[in-house]
Protein chains: 2
Amino acid sequence: MASGRTHRPATRSRGIPEATVARLPLYLRALTGLSERSVPTVSSEELAAAAGVNSAKLRKDFSYLGSYGTRGVGYDVEYLVYQISRELGLTQDWPVVIVGIGNLGAALANYGGFASRGFRVAALIDADPAMAGKQVAGIAVQHSDGLEKIISDNGVSIGVITTPPSVAQQVCDRLVAAGVTSILNFAPTVLSVPDGVDVRKVDLSIELQILAFHEQRKAGEEAALNEAAALAAPVGRADSTDQGPDGDVPAVMPA
Amino acid sequence: MASGRTHRPATRSRGIPEATVARLPLYLRALTGLSERSVPTVSSEELAAAAGVNSAKLRKDFSYLGSYGTRGVGYDVEYLVYQISRELGLTQDWPVVIVGIGNLGAALANYGGFASRGFRVAALIDADPAMAGKQVAGIAVQHSDGLEKIISDNGVSIGVITTPPSVAQQVCDRLVAAGVTSILNFAPTVLSVPDGVDVRKVDLSIELQILAFHEQRKAGEEAALNEAAALAAPVGRADSTDQGPDGDVPAVMPA
DNA sequence: ATGTCTTTGTGAACGCGTGCACAAAGATGG
DNA sequence: CCATCTTTGTGCACGCGTTCACAAAGACAT
């Protein structure tokens, strides 16, 4: 309606499927663990178990990167670490800015996993003048007036938004205008960005709601099971579309 | 290899596809916004735009819940809010515990979106004795010794893990043993849980790495484009499988 | 009451991701 | 050098999710 699109239609990057890209960091983490324990080689079966995926899936994923394994032996851990790191672009340094230094922003600034692999917190930015100059995770918070200059001076292309939702879009617009082309959004809002800008969303509330759904389903199944056992008769309406699995009193009545 | 599985094979809950469940919170948020602005009805087109999805997808999603729309008019906002809330299990109160009150745990405890929709922080738990008794987000932190009692006393079925990765699995095991059946894991580790327990993972580092991949790809394409323009000749090898998009010097050499 | 117009609900086609199962490849031992 | 054994790499089939396109359904005006 307004400006750009939000979810680019899965651009199948250079033949590497998006689903595979999403798993590469998982493999990399497992491999790093093996590397630290000086394990020289690993089979697809072992690595898959460590990463929590199917071994066939893992082999197919690696096949998109090329043939880096040795049949009858497995994969060379160090070599694979390097290959995946390079594929993910982690052999270079990515300066990132975090905008919105509340509880979450501060937590991210302190998060060790950030700096560990190719990412460097180039700046912390907040709109509150009282925050400016304060040290968070050893970095001085800067006022958002200087956002554009900070972005261009540091060559930042990745921005993290941890602001309240009400200002997230406008922060996003400024980041994009200043040259940021990848955004990690923690604000519970749908961001509109022009084509060519990637947005990934992390939404705590949504994750919990999905868990609640499954939790309710489990409770409902259990209840139905107990009920069926008590009545010694099958339920039989497991697929009706009217009521939920439980017959509790609604908390809100629709008009 | 050790105990249970990690990724249950997409259990197609009660006919509602997993992908649809993941979008329901999105619709709910958009609808809540409309509700607060007292908008009575909304078309699939408008709501889809607000939620950032395709309108056909939205209609199909809603069709799994039943026929709640009116042809020629659209959907009743209040009614839909209620139906989705009920479907997600948000009409009841879910007590959750947060284990690991570091920066991230504290940020989550303060996160408003938690309490807003059916979720209530029942307890904050930390292994550090120095943290015990401290107030975070108005709630006293309790020592992890009492974890099992806290879980059962409050009837907690959802646990959030924000501990260091080294202890995440053992915290997870204790949560599950105490009766928790849904876990939201922020620790960068693969958790093993028995069947019947749901785990969702939020991994900041992985999200950033995925962004870095696309960022690198964009930079590579741009470079290739510039190169091509400079040479005034087409590239032609856009799908070769050997090298990466850039021919830069490797930072690490494999054995 | 009837026709027109809007918007839903869904059948059908398509594409992506997953997992099986096996042939090819290489290591290893005799 | 040959046989055997392990493990990779992949062809293939299947199922889920997405999207198109349209018929059915209802509102609304006349």
Side-chain angles (χ1 to χ4, degrees), chain A residues 5-24 26-27 31 34 39-77 79-80 83-84 210 241, chain B residues 1 5-24 26-27 31 34 39-77 79-80 83-84 210 241-242:
Chain A
R5 198 158 289 89
T6 303
H7 240 21
R8 146 201 45 89
T11 338
R12 183 61 90 88
S13 306
R14 190 184 71 253
I16 300 185
E18 193 60 29
T20 295
V21 172
R23 279 188 295 268
L24 290 182
L26 227 56
Y27 303 144
L31 285 164
L34 293 172
V39 177
T41 61
V42 65
S43 72
S44 65
E45 202 70 48
E46 294 168 324
L47 185 54
V53 302
N54 187 296
S55 71
K57 195 186 297 189
L58 177 141
R59 287 197 299 276
K60 181 149 291 193
D61 283 343
F62 285 175
S63 79
Y64 291 116
L65 309 182
S67 294
Y68 294 148
T70 306
R71 299 179 188 222
V73 177
Y75 298 92
D76 183 291
V77 171
Y79 187 53
L80 206 46
Q83 289 297 344
I84 295 179
I210 295 171
T241 49
Chain B
M1 195 163 281
R5 200 156 287 89
T6 303
H7 238 23
R8 145 203 46 88
T11 339
R12 181 62 90 89
S13 305
R14 190 184 72 251
I16 301 185
E18 193 60 30
T20 296
V21 173
R23 280 188 295 268
L24 290 182
L26 226 57
Y27 302 145
L31 284 164
L34 293 172
V39 177
T41 60
V42 64
S43 72
S44 63
E45 203 70 50
E46 293 167 326
L47 185 53
V53 301
N54 187 297
S55 73
K57 194 186 299 189
L58 179 142
R59 287 198 300 274
K60 179 144 289 195
D61 283 342
F62 285 175
S63 79
Y64 291 115
L65 309 182
S67 294
Y68 294 145
T70 306
R71 299 176 189 225
V73 176
Y75 298 92
D76 183 291
V77 171
Y79 188 54
L80 206 45
Q83 289 297 345
I84 294 179
I210 295 172
T241 49
D242 44 15

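In what follows, chains carry the letters A, B, and so on, assigned in the order in which the sequence lines appear, proteins first and then strands, with residues in each chain numbered from 1.
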How close or far is atom [atom2] of [N] from atom [atom1] of [X], stated in whole angstroms?
X        : N       : atom1 : atom2 : result
Asp76(B) : dT8(C)  : CG    : C1'   : 15 Å
Lys57(B) : dA21(D) : NZ    : P     : 17 Å
Asp61(A) : dG19(C) : CG    : P     : 11 Å
Leu58(B) : dG17(D) : CG    : P     : 16 Å
Glu18(A) : dG15(C) : CD    : P     : 19 Å
Arg23(A) : dG19(C) : CZ    : C1'   : 12 Å
Tyr27(A) : dT8(D)  : OH    : P     : 13 Å

Separation between [atom1] of [X] and [atom2] of [Y], rounded to the nearest 0.5 Å:
X        : Y        : atom1 : atom2 : answer
Thr41(A) : Leu47(A) : OG1   : CG    : 11.0 Å
Lys57(A) : Ser44(A) : NZ    : OG    : 13.5 Å
Leu65(A) : Ile16(A) : CG    : CD1   : 5.0 Å
Tyr27(A) : Leu58(A) : OH    : CG    : 4.5 Å
Gln83(B) : Leu31(B) : CD    : CG    : 11.5 Å

What string of B, S and - do you get for nucleotides 21-28 of chain C, 5' to 3', if B is base contact, S is sugar-phosphate-only contact and - is no contact with any protein heavy atom under 4.0 Å? B--BB-S-
Is the distance between the ring centroids of Tyr68(A) and Tyr79(A) less than 6.0 Å? yes
Side-chain contact, heavy-atom cut-off 4.5 Å: Lys60(B) with Thr20(B)? no
Considering heavy-atom distances to DNA chain C, does Ser63(B) or Thr20(A) have its closest nucleotide positioned more toward the 5' end? Ser63(B)
Looking at every strand, decide which applies to Phe62(B) at a 4.0 Å heavy-atom threshold: base, sugar-phosphate, or nothing. nothing
Has the side chain of Lys60(B) got a donor or acceptor atom sitting under 3.5 Å from an opposite partner on the base of dG17(D)? no
Answer yes or no: does a side-chain N or O of Tyr75(A) lie under 4.0 Å from OP1 or OP2 of dG9(D)? yes
Check this one for me: any side-chain N or O of Ser44(A) less than 4.0 Å away from OP1 or OP2 of dT7(D)? no
